[in-house]
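This report refers to the structure that appears directly beneath it.
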Amino acid sequence: MFWNNHIETLSDDELAALQLKRLKWTIRQAEKVPFYRTQLREAGLHADDIRSLDDAGRLPFTRKQDLREGYPFGFFAVPLKQIVRIHTTSGTTGKPTVVGYTRQDLDNWAEMMARDLTMVGLSDDDVFQNALGYGLFTGGLGFHYGAEKIGMTVIPSATGNTKRQIEMIMDFGVTAINSTPSYGMRLAEVAEEMGVELDTLRVGIFGAEPWSDNMRKELEERLGITAYDSYGMSEMYGPGASFECEERNGLHFWHDSYLVEIIDPETGEVLGPGERGELVVTPLVKEAMPLIRYRTGDITMLMEDRCPCGRGQKIARIMGRSDDMLVIRGVNVFPSQIEHVLLSLPEVGEQFMVYIDRMHHLDEMNIEVEINRECFSGELKDLAKLQKRVAGALRDTLGLRTSVTLVEPGTLPRFEGKAKRVIDRRGEVW
Ligand code: ADP
Ligand code: ZN
């Protein structure tokens, strides 16, 4: 199913021509921002110097730090009078940055969300519970307007009050739910505690943080849904920029609206399909806040294969942010890899916390993980065996010795929005 068949399936040539036209427009729009005027002057570049998409590689990068320095409105290319909405980032990695939208931007954003939701088979026949934060976080309102645009029956439940969320799913006959994967697990857990079946649910959309394929299996089984990955960030309007189709093998990017590159984060060199690196995005239709070659910090790659659904090139699921990557005694580890291993062991739950300390000049990683109820009431010697097994599985996959602590079910923190499972105490002075 397509929302906008024509634009979603442009031929390579049509797409390249459209991207080039829009890239030039974006550079002209960016020239209204003092930061970019200086940057482009220093690079000796003007919109007219961009003759092909390859020339994009000559443009300077924009970093999160630049946006922070522009706080609050330094990156707006239009007067505040034309800005009709403001959001901020979640501030996962530091001070939140501000993003602004013109009326046209809000229309563009809703249009992309409408494409996404239609792509996963949703329509005006569906009842949609939107369990993402409403407010400054882009997730709630972003999905809200897209879902209304395609005529879904939208329940703006936001997060929290989980028992009530479960009741609403049952009472309102909800068919599709949207949340962070961590909150999706919480919904499953509470439904199980209440002893209810969520019979009407068939689709789950999860995003805003990394989640592994084992987490997908878990969410699908426990909620009785098909789960789709949704990726975006405030700097690209919010959610909706990139989404899985029914193939669920990589995420489509809306290439008419974003120019996508993957670079080597160390050297800045542009990488080809199949090579993992940092995602760099130039939005092509953003009016209020144009950005040039924005370094997202997110790690992925362009996929080589064409998708049978007929839409454009996909990216692989996001492994995490480059600054999520933990370097433990020289070994690189993403928290999403730890999650993947833990979820492959049925005796332990999906709830875990990672603590990193430096002891006697060596990094030590301790993982606390909840075990399930049955194991908890089992024998102590079995627990000792289980602990060894968990540490062994982590060592095999991560190539790293870790210490594992098994904890009672229900004792680790639950998250309604983005989870924060890693506590790195190496910089702290004791
Ligand atoms: P912040 O950067 O402060 O968290 P945002 O709320 O804009 O602000 O979040 C965007 C970030 O969330 C992305 O850069 C990415 O790291 C993460 N993210 C969003 N969706 C996904 C997803 N589906 N998979 C992995 N990471 C995601
Ligand atoms: Zn597809």
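One is the number of the first residue; the rest follow in order along the sequence. Indexing begins at 1, ligand by ligand and atom by atom, following the structure's order.
- In terms of the side chain to side chain donor-acceptor pair (under 3.5 Å) criterion, residue partners of R248 (sequence neighbours excluded) are, by chain and number, E220.
- If you look at ligand 1, the protein residues with a non-hydrogen atom under 4.0 Å away are K64, T89, S90, G91, T92, F137, G207, A208, E209, P210, D229, S230, Y231, G232, M233, S234, D298, I318, R321, K418.
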Walk me through whether T405 and E368 qualify under side-chain hydrogen bond (donor to acceptor under 3.5 Å, both in side chains).
CA-CA 5 Å; T405 314; E368 286 186 358; 5.3 Å; no
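- Judged by the 6.0 Å distance and 45° axis criteria, R317 is positioned over the aromatic ring of W211.
- Checked against ring-ring contact (aromatic ring centres under 6.0 Å, His included), Y258 has the following partners two or more places apart in sequence or in another chain: F253.
- Ring centroids of Y101 and H87 are separated by less than 6.0 Å, placing the two rings close together.
- In summary, the aromatic rings of Y228 and F206 are positioned with their centroids too far apart to meet the 6.0 Å limit.
- Using a 4.5 Å cut-off on side-chain heavy atoms (C-beta onward), E148 and F143 make no contact.
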For a side-chain hydrogen bond (donor to acceptor under 3.5 Å, both in side chains) check, start with the C-alpha distance between T62 and Y36, then their side-chain angles and the critical distance, and finish with the verdict.
CA-CA 9 Å; T62 310; Y36 281 123; 2.7 Å; yes
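- Screening the protein for N, O or S atoms under 2.8 Å from the Zn ion (ligand 2) yields 4; no waters enter the count.
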Determine whether D116 and W3 satisfy the following criterion, side-chain hydrogen bond (donor to acceptor under 3.5 Å, both in side chains), listing intermediate values before the conclusion.
CA-CA 8 Å; D116 295 320; W3 174 256; over 6 Å; no
